[in-house]
Amino acid sequence: MNKKELVTSIAEKVGLSKIQAGLVIDAFISSVIATLKEGGSVRIPGFGSFEVMRREASKGVNPLTREVIDIPARNVPKFKPGNFLKESVNNAET
């Protein structure tokens with residue numbers, strides 16, 4: 001599912017226009033990003049949580065040249081699924 005399909009799905013389920021549903025999704029995304037930038041976390045019970053993890057500097061190898069490179073420290077977003085989401089996906093018919 002891409003963003004356009006998500007907007008359509010939410011618009012139909014909630015009874016909003018596609019424009020309104022798109023604005024809701026954009027607001028959700030920008031709110032999550034702003035919270036993570038501030039060092040906070042976003043927890044949605046049953047769905048999961050978003051947080052920022054610190055990845056320390058390390059050494060790596062360029063696979064083409066085999067040259068050792070320095071990989072700088074950085075912050076990375078992390079998503080941990082909630083129990084309801086995990087159980088729903090696990091019980092899905094395949």
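Predicted model only: the values in this text are computed from it and were never measured.
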> Could you give all pairs that pass the side-chain hydrogen bond (donor to acceptor under 3.5 Å, both in side chains) test and reach residues 5-21, with sequence neighbours left out?
Replying inline: Ser17-Gln20

> Got more than 12 heavy atoms from elsewhere within 6.0 Å of CD1, Ile19?
Replying inline: no

> What are the two closest non-hydrogen atoms of Leu36 and Glu51, and how far apart are they?
Replying inline: CD2-CA, 3.6 Å

> Between Val32 and Met53, is there a shared hydrophobic cluster once you connect ILVMFWY residues whose side-chain heavy atoms come closer than 4.5 Å?
Replying inline: no

> Given Val61 and Ile69, is the side-chain contact (heavy atoms from CB on, under 4.5 Å) satisfied, shown in steps?
Replying inline: CA-CA 6 Å; Val61 177; Ile69 56 173; over 6 Å; no

> Pairs in or reaching into residues 32-44: which pass side-chain hydrogen bond (donor to acceptor under 3.5 Å, both in side chains), with residues at least two apart or in two chains?
Replying inline: none

> Could you walk me through whether Phe28 and Ile44 pass the side-chain contact (heavy atoms from CB on, under 4.5 Å) check?
Replying inline: CA-CA 12 Å; Phe28 170 77; Ile44 304 170; 3.9 Å; yes

Which donor-acceptor pairs under 3.5 Å do side chains of residues 71-86 form with protein atoms, sequence neighbours excluded?
residue	atom	partner	partner atom	Å
Arg74	NH1	Pro72	O	3.0
Asn75	OD1	Arg54	NH1	3.4

> How far apart are the C-alpha atoms of Ile10 and Val24, what are their side-chain angles, what is the distance that settles it, and do they pass the side-chain contact (heavy atoms from CB on, under 4.5 Å) test?
Replying inline: CA-CA 9 Å; Ile10 289 174; Val24 169; 5.7 Å; no

